[in-house]
Protein chains: 2
Amino acid sequence: MNMNKSENATGPGGNETSDISKARLRAWLQILKVSRKIEGELREKMRVEFGSTLPRFDVLAALYRERDGMRMSELSKSLMVSNGNVTGIVDRLVAEGLVVRLPVENDRRASIVRLTEAGEKDFAERALVHESWVSDLFSDLSSSDADALIRILRTISHHNEAPHHD
Amino acid sequence: MNMNKSENATGPGGNETSDISKARLRAWLQILKVSRKIEGELREKMRVEFGSTLPRFDVLAALYRERDGMRMSELSKSLMVSNGNVTGIVDRLVAEGLVVRLPVENDRRASIVRLTEAGEKDFAERALVHESWVSDLFSDLSSSDADALIRILRTISHHNEAPHHD
DNA sequence: CATAGATATTTCAAACTTAAAATATTTGTG
DNA sequence: CACAAATATTTTAAGTTTGAAATATCTATG
């Protein structure tokens, strides 16, 4: 818990919080508000237009970037969700014929998940429409504000980066 | 789907997307990344330190702002989640003794949810700790960047405000 | 006053999500 | 080689979330 003198000028014995702390809380609540609203809109569109869901789209997107496929654990790390979560979503994508599970040479514990041809084709089409949805939802965001937003958010996510083990 | 000439200078017949559209998509992905990461950290802390969850904290926070209590539908609108969702979370908070459901005069369909004394006390304590967690997670966020972030996010959420019915 | 439509909430089924336990397999160490 | 520790994944239980259907109640209109 950050208690620098410079950042916390609360009176002796008081338990108020500093101005900067409150500003950060407001910033967080605003991030939460926007991401909930946008996610809700996109979920609805995914459901109505594609008969699909955001989590499945996210998995397809990750696999589209890695055409040779990814391990379950790589997917889970890339999407920042639990292992067990990925298992269920991949199960459904397999049932839909959009991805396949392939065995890994020399490691029978692991498996590689890869887009099928249908999955690749479906995702390519959906990705364009998805981008247009996002652009419309963010149509008030100018180019310079987009850059500023990305820069600021990066400073936050870098701070909270998982520490690497060397 | 926004297809202004000025914003989309893709060649004839091409289905590429504009630069501004891509910038907005990147911005959205970055928002998503940060909010997932922060939410994960806060969920973990809530679980370990308070033996509770974020959705419950959110309900308590809304009720703490409205000491006279809120209807289920008001809670649901305020938190931007479905009615059925609120039912379940309030059920658990009732079981924990932190909130109560009260009947509404002249409307037997509705009910008011209110913090109990224990709920008020618990939330007041937790809110301070919660704010310090957020401040720490956002410790790289300067005051001016916090202001810029809030301003930019507000333009986005205002655009996507639910249109009112007059 | 009857009753059709509107409103408030709950119930339900399906999907998503997590954390922890269980399984299966591989790797490193004596 | 034996086998303990590490790794990859799945399973499980509990909670969250949605959208739609079901209930219960209220309101307005004839």
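This is a predicted model, so every value here is computed, not measured. Numbers restart at 1 for each chain; the letters A, B, ... are given by sequence-line order, proteins then strands.
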Q: Output yes when at least one side-chain N/O atom of S73(B) is less than 4.0 Å from OP1 or OP2 of dT7(C), else no.
A: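 Result: no.
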(Q) Considering only residues two or more places apart or on different chains, which pairs with a residue in residues 60-92 of chain B satisfy ring pair (Phe, Tyr, Trp, His ring centres under 6.0 Å)? (A)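 Only Y64(B)-F123(B) qualify under ring pair (Phe, Tyr, Trp, His ring centres under 6.0 Å).
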**Q.** Sequence neighbours excluded - ring pair (Phe, Tyr, Trp, His ring centres under 6.0 Å) pairs with any residue from residues 78-114 of chain A
**A.**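 Output for this query is empty, none listed.
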Using the side chain to side chain contact (heavy atoms under 4.5 Å, CB included) criterion, which residues pair with [X]? Sequence neighbours excluded.
| X | result |
| --- | --- |
| D58(A) | L79(A), R36(B) |
| R43(A) | L54(A) |
| S142(B) | S144(B), D145(B) |
| E125(A) | K121(A) |

Nearest-Å distance, [atom1] ([X]) to [atom2] ([N])?
| X | N | atom1 | atom2 | value |
| --- | --- | --- | --- | --- |
| L42(B) | dT16(D) | CG | C1' | 17 Å |
| R71(A) | dT10(D) | CZ | C1' | 16 Å |
| L79(B) | dT18(D) | CG | P | 10 Å |
| M46(A) | dA15(C) | CE | P | 17 Å |

For residues 26-33 of chain A, dump all side-chain donor-acceptor pairs below 3.5 Å to protein atoms at least two apart in sequence or in another chain.
{"from": "Q30(A)", "atom 1": "NE2", "to": "S157(B)", "atom 2": "OG", "distance (Å)": "3.2"}

Q: Could you pick out which residue, V104(B) or E39(A), lies toward the 5' side of DNA chain C when each is mapped onto its nearest nucleotide?
A: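 It is V104(B) whose nearest nucleotide is closer to the 5' end.
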Q | Residue-level proximity of residues 53-62 of chain A to DNA chain C when a heavy atom falls under 4.0 Å | A |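 Here the set is T53(A), P55(A), R56(A).
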(Q) Just to be sure I understand the geometry, which residues of residues 91-100 of chain A put a non-hydrogen atom under 4.0 Å away from DNA chain D? (A)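 Hits under 4.0 Å, by residue number: none.
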Q.
Students often get this wrong, so: under 4.0 angstrom with heavy atoms, is R36(B) touching a base, only sugar-phosphate, or nothing?
A.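 Here R36(B) touches no strand at all.
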Counting only pairs under 3.5 Å, give me each side-chain donor-acceptor contact of residues 100-108 of chain A, with atom names and distances, residues two or more places apart or in other chains.
{"from": "R101(A)", "atom 1": "NH2", "to": "D91(A)", "atom 2": "OD1", "distance (Å)": "2.1"}
{"from": "D107(A)", "atom 1": "OD1", "to": "R109(A)", "atom 2": "N", "distance (Å)": "3.1"}
{"from": "D107(A)", "atom 1": "OD1", "to": "R109(A)", "atom 2": "NE", "distance (Å)": "3.0"}
{"from": "D107(A)", "atom 1": "OD2", "to": "R109(A)", "atom 2": "NH2", "distance (Å)": "3.0"}

(Q) Across nucleotides 18-29 of chain C, 5' to 3', mark each nucleotide with B, S or - according to how protein heavy atoms within less than 4.0 Å reach it. (A) BSS---BBS---
Q | Remaining members of hydrophobic cluster (4.5 Å side-chain criterion), M80(A) | A |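 Joined to M80(A), directly or through intermediates: none.
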(Q) Are W133(A) and F50(A), when compared by the centres of their aromatic rings, separated by less than 6.0 Å? (A)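 When the ring centroids of W133(A) and F50(A) are compared, they turn out to be within the sub-6.0 Å range.
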Q.
Looking at R47(B) and E44(B), is any side-chain nitrogen of the basic one under 4.0 Å from a carboxylate oxygen of the acidic one?
A.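 Yes, E44(B) and R47(B) are salt-bridged.
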